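Whatever order the structure lists them in is the order used to number ligands and atoms, beginning at 1. The residues of the chain are indexed from 1 along the displayed sequence. These figures come from a predicted structure and were not determined experimentally.
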Amino acid sequence: MSDSVLLSYDKNIATLTLNRPEVHNAFNAEMIERIATLCDEIALRNDIDVVILRGEGKSFSAGADLNWMKESITYSQNQNERDAYDLAQMLGKLNSLPQLTIARVHGAALGGGLGLVSCCDVVIAAPEAKFGLSEVKLGLIPATIGPYVLAAIGQRHARRFFQTGERFSAQKAHDIGLVHILGDDETDIDGHLEKMLAEVAKNGPYAMRAAKKLCFDLSGSYVTNDIMENTAERIATIRTGEEAQTRLKAFLEK
Ligand code: COA
């Protein structure tokens, strides 16, 4: 079994660890499938109340694997769209886990990495963490992550960061509501995480699930299959275009 994403259980807590540190936990098709499968498994566990998402090594996640993005040019249109749809589905599964999800962020959370962060309920970040929607620098767009990022930071900030691709600090991420808790350093963020776990241990697990569902129902922010198909088509189309292919090649050959 692949070890690109690790899953461990400790009492009522599941921890998902992104585990491709050599590429800052950039995710390819195999890793996307694994996250999706593990989310399916966790979603069925009524004895699990909290899911922690974290990254091994220097970063949380540098987003989509750019080799995988570039390879899409060799796929048939159908295969390319299906491959992009798998990413959209994985994000949907993470976003709709019934348990409380907590992202523990350090290092880079760029592109799809910021997307994973946006799919979590609580975000605790180290002060040196770097955020950004750098897709446009590579001729891409934050398509499949778009619905979750928009829900997390709102259209006002999304209009800026989707188009500028600027990197921004953990402080800025905190200011715009993407990060809930900003620690002093990595030890401190683990302290905040422990405190949060102690806090929620006092709660009714059924009520927590019902409270999460209430948020989705009241905000009407369900990401439907139509939206997933639409965003998948957008990324599938743009990543095989000349602008993206040239820029992806330039990044990978740098
Ligand atoms: N996809 C594939 N490989 C990636 C990657 C990605 N998204 N991000 C980093 N890597 C690889 C690099 O190509 C490099 O590989 P190499 O050792 O074979 O040269 C390795 O990870 C280390 O990255 P490097 O850039 O040397 O490390 P760094 O510490 O200087 O910078 C990042 C780390 C994450 C800030 C930088 O790699 C980066 O900006 N990555 C691109 C992130 C991005 O734009 N993501 C959006 C995707 S839509």
Side-chain angles (χ1 to χ4, degrees), residues 2 4-5 17-35 53-75 80 83-88 90-91 94 103-119 125-150 152-153 158 160-170 172-173 178 186 231-254:
S2 154
S4 63
V5 185
T17 304
L18 308 173
N19 190 35
R20 288 182 83 207
E22 66 284 2
V23 287
H24 294 262
N25 299 318
F27 47 79
N28 56 10
E30 188 274 326
M31 203 165 157
I32 288 166
E33 190 191 338
R34 177 126 173 97
I35 299 172
L53 181 62
R54 57 187 299 147
E56 187 60 38
K58 288 188 185 160
S59 289
F60 177 79
S61 171
D65 185 318
L66 299 174
N67 279 298
W68 166 67
M69 282 285 188
K70 185 169 154 284
E71 282 305 301
S72 60
I73 191 83
T74 63
Y75 302 165
N80 181 20
D83 182 74
Y85 179 70
D86 287 344
L87 169 59
M90 177 274 276
L91 293 164
L94 176 63
R104 180 215 181 268
V105 185
H106 73 295
L110 299 170
L114 195 156
L116 295 176
V117 168
S118 301
C119 290
E128 90 312 328
K130 288 186 276 290
F131 296 83
L133 295 159
S134 34
E135 283 86 347
V136 284
K137 307 267 181 220
L138 300 156
L140 303 170
I141 50 172
T144 51
I145 62 170
Y148 312 103
V149 180
L150 265 169
I153 67 175
R160 171 179 173 182
F161 292 119
F162 275 30
Q163 293 182 82
T164 64
E166 293 159 88
R167 289 217 177 140
F168 53 93
S169 66
K172 182 73 187 169
L178 179 63
E186 279 210 41
T231 57
E233 268 173 41
R234 287 178 199 240
I235 191 64
T237 303
I238 207 164
R239 70 185 178 179
T240 50
E242 195 187 330
E243 185 175 274
Q245 286 292 319
T246 308
R247 285 169 179 261
L248 289 167
K249 197 160 169 269
F251 173 86
L252 294 166
E253 286 173 1
K254 70 168 186 314

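- The shell of residues lying under 4.0 angstrom from ligand 1, judged by heavy atoms, includes Lys254.
- In this structure the side chain of Leu94 never reaches within 4.5 angstrom of the side chain of Tyr148, judged on heavy atoms.
- Close approach of ligand 1 to Glu135 is summarised as follows: ligand atoms under 4.0 Å from at least one heavy atom of the residue are 48 (S).
- A donor-acceptor pair is defined here as one N or O able to donate and one able to accept, closer than 3.5 Å; such a pair exists between the side chain of Arg34 and the backbone of Ser2.
- For Glu22, the closest heavy-atom approach to ligand 1 falls below 4.0 Å.
- Atom 15 (O) of ligand 1 is not flagged as protein-proximal [any protein heavy atom, distance under 4.0 Å].
- For atom 9 (C) of ligand 1, the closest non-hydrogen atom on the protein side is Val23 O, 4.0 Å.
- Note: Glu71 CD to Thr240 OG1 = 13.0 Å, rounded to the nearest 0.5 Å.
- Contact of the Leu91 side chain with the Leu116 side chain is registered, since non-hydrogen atoms from C-beta on lie closer than 4.5 Å.
- Among all non-hydrogen protein atoms, the one lying nearest atom 6 (C) of ligand 1 is Ala26 CB, 3.5 Å.
- Only the side chain of Arg167 comes within 4.0 Å of ligand 1, judged by heavy-atom distances.
- Panel note: side chain Arg20, backbone Ser4; no donor-acceptor pair is recorded below 3.5 Å.
- Ligand 1 lies out of reach of Trp68, whose nearest heavy atom is not under 4.0 Å from it.
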query = How far apart are the C-alpha atoms of Lys172 and Phe161, what are their side-chain angles, what is the distance that settles it, and do they pass the side-chain contact (heavy atoms from CB on, under 4.5 Å) test?
reply = CA-CA 12 Å; Lys172 182 73 187 169; Phe161 292 119; 4.0 Å; yes

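- Numbered from 1 in the order shown, with element, the atoms of ligand 1 that lie under 4.0 Å from a heavy atom of Leu138 read 44 (O).
- Looking only at protein heavy atoms, the nearest one to atom 40 (N) of ligand 1 is Phe251 CZ, 3.5 Å.
- At least one heavy atom of Ala64 sits under 4.0 Å from some atom of ligand 1.
- With hydrogens left out, the protein atom closest to atom 45 (N) of ligand 1 is Ala62 O, 2.8 Å, a heavy atom.
- With a 4.0 Å heavy-atom cut-off, ligand 1 is reached by the side chain of Ser134 but not by its N, CA, C or O.
- Side chain of Ser72 to backbone of Trp68: no donor-acceptor contact under 3.5 angstrom is found.
- On a distance-only criterion, Leu66 and ligand 1 share at least one N/O pair closer than 3.5 Å.
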message = Between Leu66 and Val23, is the side-chain contact (heavy atoms from CB on, under 4.5 Å) condition met? List the steps.
response = CA-CA 10 Å; Leu66 299 174; Val23 287; over 6 Å; no

message = Applying side-chain contact (heavy atoms from CB on, under 4.5 Å) to Leu178 and Leu114, what does each step give before you reach the verdict?
response = CA-CA 9 Å; Leu178 179 63; Leu114 195 156; 3.9 Å; yes

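- By the definition of a contact as any protein heavy atom under 4.0 Å away, atom 36 (C) of ligand 1 is not in contact.
- Atom 26 (O) of ligand 1 is never approached by the protein to below 4.0 angstrom, counting heavy atoms only.
- Residue contacts with ligand 1: Leu252 is placed with no nitrogen or oxygen under 3.5 Å of a nitrogen or oxygen of the ligand (distance criterion only).
- Nearest heavy atoms, Pro21 versus Glu56: CB-O, 3.7 Å.
- Protein non-hydrogen atoms do reach within 4.0 Å of atom 2 (C) of ligand 1.
- At least one protein heavy atom sits closer than 4.0 Å to atom 29 (O) of ligand 1.
- Of the protein's non-hydrogen atoms, the one nearest atom 31 (O) of ligand 1 is His24 NE2, 4.2 Å.
- In this structure, Arg160 and Glu166 have side chains that are in contact, with non-hydrogen atoms separated by less than 4.5 Å.
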I'd like a table of donor-acceptor pairs (distance under 3.5 Å, sequence neighbours excluded) in which one partner is a side-chain atom from residues 127-144, with atom names and distances.
from, atom 1, to, atom 2, distance (Å)
Glu128, OE2, Gly107, N, 3.0
Lys137, NZ, Thr164, O, 3.3

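- The shortest side-chain heavy-atom distance between Val5 and Phe27 does not fall under the 4.5 Å cut-off.
- In this structure, atom 18 (O) of ligand 1 has no protein heavy-atom contact shorter than 4.0 Å.
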